[in-house]
Amino acid sequence: MTNQEIAKLLSNIAAVYQLKGEDRFRMMAYEKAAESIRGLTQEVSDLWKDGKLTTIPGVGPSLASHIDELLRTGKVKHFEQVLKDIPASVFPLLEVPGLGIKRAFKLVSEFHLNDPKTVVAKLLAVAKAGKIASMEGYGEKSQQVIIEALGRFKKGQIKENRMPLPYAYTMAEEIITYLKKCPHTIHALPLGSLRRMVATIGDVDVAVSTNHPKDVTEWFTKYPKSVNVVETGEGGASILLSNGRQVDMRVIVPRQYGAMLQYFTGSKNHNIKLRELALKKGYSLNEYGIKPVGKTQNSSRSDRDKTQNYNSKLKIYEFSTEEAFYHALGLPWVPPELREDRGEIEVGLTGKLPQLIEQQDIRGDFHIHSNYPIQPSHDLGSSSVMEILKEAQRQGYEYIGISDHNPSVGNHSKKQIIDILKRRRSKFEQIIASTKSVRVKLFVMIEADILPDGILSIPDEGTNYLDGMIVSIHSVFSMSKEKMTERVLKGFSHPKAKILAHPTGRILGKREGYELDWNKIFAFCKKNNKALEINAYPERLDLSDKMAQEAIKAGVKMAIDTDSHAAEQLALMRYGVAVARRGWLTKGDVINTMEYNEVKKWLNNS
DNA sequence: GCCGTTTTCGGCCCGACTGTTTTCAGTCG
């Protein structure tokens with residue numbers, strides 16, 4: 001049983017508790033556990049085998065015993081009891097936007113829709129026949145909303161389709177540049193998952209601080225790429241862009257800007273944890289500031305510091321910056337990338353948040369494809385080595401690695417491959433020697449396929465013409481975890497193989513990654529001084545933030561690479577750095593923050 | 001049902017929006 005299936009089951013139980021309305025807090029406990037399992041990096045079944053279920057946040061003795069029963073027998077008596085009177089057909093409806101358990105149950109009961117397989121189609125028919133509007137608590141409007149939501153659901157749009165981070169980031173960047181041209185804009189920043197640099201983004205939200213909200217809102221609605229103003233009001237506006245995406249802008253006066261940024265940056269779980277912390281200190285948090293609640297506590301240092309920001313009319317402390325907001329709660333400013341409730345608040349309270357890696361710490365990029373005619377098994381890059389070197393210089397790099405794919409194995413003999421690599425090396429050396437204007441150092445590398453049997457696609461003799469190798473999986477993705485781990489470790493064992501590229505092979509929105517025994521991979525990397533890659537290419541962002549965090553906990557070094565196929569793609573580095581920051585990485589965890597000479601030693605295993 | 005910088009008992013995040021309401025229920029982030 002997968003984590004997602006277990007989480008789904010717990011969510012369904014939570015929904016039923018909510019429906020029954022008996023115990024709100026038990027409902028929340030189930031939901032919290034489900035959420036926690038959804039975001040887990042380990043398999044629940046592995047934890048179960050090790051007897052460590054209660055180490056999952058939100059899982060205590062009771063849930064642990066239910067999960068144990070589930071994994072042993074495939075069912076849970078208690079859950080069956082809870083679900084006894086609930087038609088299974090309500091659960092598919094929970095995926096439909098706008099429907100919760102109460103409405104789903106009411107609709108299913110009213111129209112006797114008991115088959116989970118047909119419930120969506122049948123409910124749609126009932127709605128179109130106008131039978132919902134006459135029910136108590138419903139009207140024409142809600143009937144229409146249900147029809148539209150069900151229609152979208154049938155088309156497979158369960159959730160809003162999320163876009164890769166770089167796509168959303170570029171959109172937001174353009175809009176913020178535009179907003180900053182408005183003379184009344186004081187500050188402007190993205191909000192939500194975009195500000196936290198999550199790998200995929202649902203909505204683009206931005207915040208603007210200004211003393212003239214109306215003028216800024218009007219300016220925003222005139223954004224050149226806007227095709228429609230969806231709504232506009234006191235707090236901001238929403239526009240629809242020609243690419244079909246909606247952008248929301250919120251405006252706020254400068255003295256409340258900090259609180260608003262904090263509130264809408266989230267994540268939800270970070271904010272929940274923060275509010276719990278605030279409550280213990282006698283405060284309640286909202287988007288406008290910090291509000292004293294209940295019995296006044298004896299005045300602490302931070303209370304006095306806040307006094308000057310107290311708005312007696314609103315009975316609230318106001319904050320123009322996030323820094324001040326966090327400080328008022330006894331915390332250092334928490335970088336947005338960390339705000340996922342993965343321990344950042346607890347660690348923050350001890351004052352020991354990590355000094356996260358920054359873009360300017362990066363001194364090079366190892367994974368770049370050039371247009372050198374290597375006759376590869378996969379795609380060639382589109383820029384020449386010289387163009388790439390010049391771009392690298394613009395980025396301020398000390399060194400790069402050109403890592404073209406290996407010559408295709410099917411179309412070349414071993415000898416031919418060796419000859420190609422030999423010629424390539426002398427050509428690259430010639431290029432370097434021929435120019436004085438480029439100071440960026442070049443590592444002659446290859447991205448070598450690890451073939452299904454674990455053999456590398458480069459004959460041993462060919463590696464003499466390389467400074468180092470990136471290795472990766474590009475074929476036969478469906479292997480068992482054990483076999484795949486064996487394959488990777490065998491290929492990665494070659495002394496010249498130093499980086500495992502895009503380690504899970506995932507393609508966002510298209511392909512799940514293959515499974516590996518990460519404990520073995522991590523231990524191997526640490527022992528043999530090899531690195532795992534954070535691949536910054538938009539559809540990859542692989543390793544993920546969570547896995548990168550696990551890796552460095554295990555003492556593994558990372559390399560952040562762009563996998564560029566054109567010189568201008570070197571700029572994708574920022575997204576790799578974002579993943580690294582979300583994984584709590586510091587400069588010291590990343591190979592390509594090292595100086596050239598150190599990298600050279602590392603590549604030579606010396 | 002979980003959990004511990006006031007707690008092993010007694011708490012558990014907060015507010016907006018929408019549609020249907022004339023004081024609220026449901027859903028969402």
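Residue numbers start from 1 in every chain, and the chains themselves are labelled A, B, ... in the order their sequence lines are given, proteins ahead of strands.
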According to the salt bridge (Lys or Arg N to Asp or Glu O under 4.0 Å) rule, which pairs have a member within residues 258-277 of chain A, sequence neighbours left out?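 Every salt bridge (Lys or Arg N to Asp or Glu O under 4.0 Å) pair that includes a residue of residues 258-277 of chain A, provided the two are not neighbours, is K273(A)-D341(A), K273(A)-E346(A).
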Any salt bridge (Lys or Arg N to Asp or Glu O under 4.0 Å) pairs touching residues 61-78 of chain A, not counting sequence neighbours?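 Only D68(A)-R72(A) qualify under salt bridge (Lys or Arg N to Asp or Glu O under 4.0 Å).
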Any residue meeting salt bridge (Lys or Arg N to Asp or Glu O under 4.0 Å) with R255(A), in chain and number order, not counting sequence neighbours: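 Testing R255(A) for salt bridge (Lys or Arg N to Asp or Glu O under 4.0 Å), a comparison that skips the adjacent residues, returns E318(A).
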In whole Å, what is the span from the [atom1] atom of [X] to the [atom2] atom of [N]?
X	N	atom1	atom2	value
E287(A)	dC13(B)	CD	C1'	14 Å
D341(A)	dC13(B)	CG	C1'	12 Å
L94(A)	dG26(B)	CG	P	14 Å

Would E344(A) and H270(A) satisfy side-chain hydrogen bond (donor to acceptor under 3.5 Å, both in side chains), going step by step from the backbone distance to the final call? CA-CA 8 Å; E344(A) 71 279 5; H270(A) 174 84; 2.7 Å; yes
Mind checking what makes side chain to side chain contact (heavy atoms under 4.5 Å, CB included) contact with P61(A), not counting sequence neighbours?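 Testing P61(A) for side chain to side chain contact (heavy atoms under 4.5 Å, CB included), a comparison that skips the adjacent residues, returns none.
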Which is true for L274(A) with a 4.0 Å heavy-atom rule: it touches a base, it touches only sugar-phosphate, or it touches nothing?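 Here L274(A) touches no strand at all.
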Mind checking H78(A) for me? I need base, sugar-phosphate or nothing, with any heavy atom below 4.0 Å counting as a touch.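 Sugar-phosphate: the residue H78(A), judged by heavy atoms under 4.0 Å, touches backbone atoms but no base.
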What are the atom names and distances for every N/O pair under 3.5 Å that joins the protein to nucleotides 2-5 of chain B?
| unit_1 | atom_1 | unit_2 | atom_2 | d |
| --- | --- | --- | --- | --- |
| dC2(B) | OP1 | G60(A) | N | 2.5 |
| dC2(B) | OP1 | G60(A) | O | 3.1 |
| dC2(B) | OP1 | L63(A) | N | 3.1 |
| dC2(B) | OP2 | S62(A) | N | 3.4 |
| dC3(B) | OP1 | G58(A) | N | 3.0 |

Nearest-neighbour nucleotide for the E276(A) side chain, dG1(B), dC13(B), dA16(B) considered: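 Nearest to the side chain of E276(A) among the choices is dC13(B).
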Is the NZ or CZ atom of R24(A) positioned over Y17(A)'s six-membered ring, under 6.0 angstrom from the centre and within 45° of the axis?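 Pair R24(A)/Y17(A) does not count as cation-pi.
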Identify the pairs formed between an N or O of the protein and an N or O of nucleotides 18-22 of chain B at a distance under 3.5 Å, and give each distance.
| unit_1 | atom_1 | unit_2 | atom_2 | d |
| --- | --- | --- | --- | --- |
| dT20(B) | OP1 | G139(A) | N | 2.5 |
| dT20(B) | OP1 | G139(A) | O | 3.4 |
| dT20(B) | OP1 | S142(A) | N | 3.4 |
| dT20(B) | OP1 | S142(A) | OG | 2.8 |

